[in-house]
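A short write-up of the structure that comes next.
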Amino acid sequence: MLELAILGFLAEGPLHGYQLRQHIAHLSGHVRPVSDGSLYPAINRLVNAGLLDRKAEPGASAAQRHTLSLTAAGRTELLRRLRHADGLDISDSTRYFTILAFLSQLPDLADQHRVLRRRLEFLEQPASFFHDGDRPLGADDTDDPYRRGMLTIARATSRAERSWLQEALA
């Protein structure tokens, strides 16, 4: 998802590496800070694959700054990743929110809606953090107040998201 976030933010315009790291950190939340040790190797992979362009500029001090921008191939790759989001990109909330953050980059509303429908189909499947055999347990099935809290919050979040998805797809 780091590479998708890089492509997505650079689709909005060129950025310096530090600015890009700040944008990604805000998107993923302070729980998942982005280290230079993960960001810059990802940037290098994308540059080497021809998906990003990196231009050196003089910095405020002696150090050069690099401006990153998306290439045409990078835009094509971003759109491909968004259009074909499936599996963990749909079921994992953090990964899905990264997809959602850039979904408007897809120019075709029908493509956007296909992604949203995949998420809605996932949310409509019975699910729980806890099971009794094959049966998912709900908040009323446990005496543990913290598990009941987890299940209550998850149910409310899922209900709100399903409602928003149905409205967006209408």
Side-chain angles (χ1 to χ4, degrees), residues 1-59 64-127 153-154 156-170:
M1 288 287 84
L2 178 58
E3 288 184 359
L4 178 67
I6 292 168
L7 294 171
F9 281 120
L10 292 177
E12 296 171 356
L15 294 168
H16 297 286
Y18 175 79
Q19 295 168 308
L20 182 59
R21 183 164 42 96
Q22 295 289 61
H23 286 9
I24 293 169
H26 289 125
L27 175 63
S28 59
H30 298 288
V31 176
R32 296 181 183 201
V34 179
S35 71
D36 289 346
S38 60
L39 178 62
Y40 289 100
I43 289 171
N44 288 335
R45 283 191 303 275
L46 295 170
V47 167
N48 292 337
L51 305 179
L52 300 183
D53 188 35
R54 178 176 23 214
K55 290 192 172 124
E57 300 176 344
Q64 287 186 334
R65 295 176 64 175
H66 291 100
T67 299
L68 301 163
S69 58
L70 201 60
T71 65
R75 178 165 297 286
T76 298
E77 177 63 11
L78 169 65
L79 298 179
R80 183 195 67 75
R81 289 181 186 207
L82 292 170
R83 192 176 289 115
H84 298 291
D86 207 356
L88 284 176
D89 292 342
I90 296 297
S91 63
D92 180 88
S93 293
T94 302
R95 292 172 70 123
Y96 174 69
F97 277 12
T98 303
I99 296 289
L100 198 57
F102 303 109
L103 197 58
S104 63
Q105 291 288 333
L106 280 176
D108 187 355
L109 186 62
D111 285 338
Q112 294 173 13
H113 282 190
R114 278 189 279 281
V115 174
L116 296 180
R117 278 192 207 91
R118 286 194 289 272
R119 177 66 175 184
L120 184 58
E121 288 169 10
F122 164 74
L123 291 174
E124 289 176 339
Q125 300 300 312
I153 292 166
T157 301
S158 179
R159 188 178 311 121
E161 186 177 353
R162 283 192 318 268
S163 175
W164 176 80
L165 285 165
Q166 290 163 349
E167 181 180 315
L169 290 166

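Count residues from 1 along the sequence.
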Checklist line | Contact list for residues 99-108, test side chain to side chain donor-acceptor pair (under 3.5 Å), sequence neighbours left out | finding: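 Counting only pairs at least two positions apart or across chains, the side chain to side chain donor-acceptor pair (under 3.5 Å) contacts touching residues 99-108 are R75-Q105.
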Check: If you look only at pairs with a residue in residues 158-170, which of them pass as a salt bridge (Lys or Arg N to Asp or Glu O under 4.0 Å), with sequence neighbours excluded?
Finding: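 Applying salt bridge (Lys or Arg N to Asp or Glu O under 4.0 Å) to every pair that reaches into residues 158-170, excluding sequence neighbours, yields R119-E161.
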Checklist line | Pairs where residues 37-54 contributes a residue and the test salt bridge (Lys or Arg N to Asp or Glu O under 4.0 Å) is met, not counting sequence neighbours | finding: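 As it turns out, the salt bridge (Lys or Arg N to Asp or Glu O under 4.0 Å) pairs with a partner in residues 37-54, which skip direct neighbours, are E3-R45, D53-K55.
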Inter-residue atom distance [X].[atom1] - [Y].[atom2], 0.5 Å rounding:
X	Y	atom1	atom2	value
L100	W164	CG	CH2	4.5 Å
T98	L7	OG1	CG	12.0 Å
L68	I6	CG	CD1	8.5 Å
L109	Q112	CG	CD	5.0 Å
I43	L51	CD1	CG	12.5 Å
F97	L27	CZ	CG	10.0 Å

Within the structure provided, determine whether [X] and [Y] are in side-chain contact (heavy-atom separation under 4.5 Å).
X	Y	value
L120	L169	yes
M1	D92	no
Q22	Q19	no

Over all heavy atoms of both residues, which pair between [X] and [Y] is shortest? Give the atoms and the distance, please.
X	Y	result
P107	L79	CD-CD2, 4.2 Å
L78	A11	CD2-CB, 3.6 Å
T71	G50	OG1-O, 2.7 Å

Margin query: With ring pair (Phe, Tyr, Trp, His ring centres under 6.0 Å) as the rule and sequence neighbours excluded, what pairs involving residues 3-25 come up?
Written below: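 Residue pairs passing ring pair (Phe, Tyr, Trp, His ring centres under 6.0 Å), neighbours aside: F9-H23, F9-F102.
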Next item on the list: Check the pair L82, L4 against side chain to side chain contact (heavy atoms under 4.5 Å, CB included), reporting the backbone distance first and the verdict last.
Entry: CA-CA 9 Å; L82 292 170; L4 178 67; 4.2 Å; yes
Notebook entry, point to check: Would a distance-only check, ignoring hydrogens and angles, find a side-chain to backbone donor-acceptor pair under 3.5 Å from E57 to T67?
Noted result: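 No, E57 side chain to T67 backbone: no donor-acceptor pair under 3.5 Å.
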Check: Is N44 reaching over with its side chain to a backbone N or O of Y40, donor-acceptor style, under 3.5 angstrom?
Finding: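 Yes; at least one donor-acceptor contact below 3.5 Å.
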Notebook entry, point to check: Can you check side chain to side chain contact (heavy atoms under 4.5 Å, CB included) on S69 and L10, steps first, answer last?
Noted result: CA-CA 6 Å; S69 58; L10 292 177; 5.9 Å; no
Next item on the list: Could you tell me which residues satisfy side-chain contact (heavy atoms from CB on, under 4.5 Å) with A56, sequence neighbours excluded, listed by chain and number?
Entry: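 Per chain and number, A56 pairs via side-chain contact (heavy atoms from CB on, under 4.5 Å) with Q64, H66.
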Check: Step by step, would you call V115 with I99 a side chain to side chain contact (heavy atoms under 4.5 Å, CB included)?
Finding: CA-CA 9 Å; V115 174; I99 296 289; 4.0 Å; yes
Checklist line | Cationic N near anionic O, under 4.0 Å, R118 to E121 | finding: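 Looking at R118 and E121, the cut-off is not met.
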Next item on the list: Can you sort out the partners of R83 under salt bridge (charged side-chain N to carboxylate O under 4.0 Å, His left out), two or more places apart, ordered by chain and number?
Entry: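 If we apply the salt bridge (charged side-chain N to carboxylate O under 4.0 Å, His left out) test to R83, skipping adjacent residues, the hits are D111.
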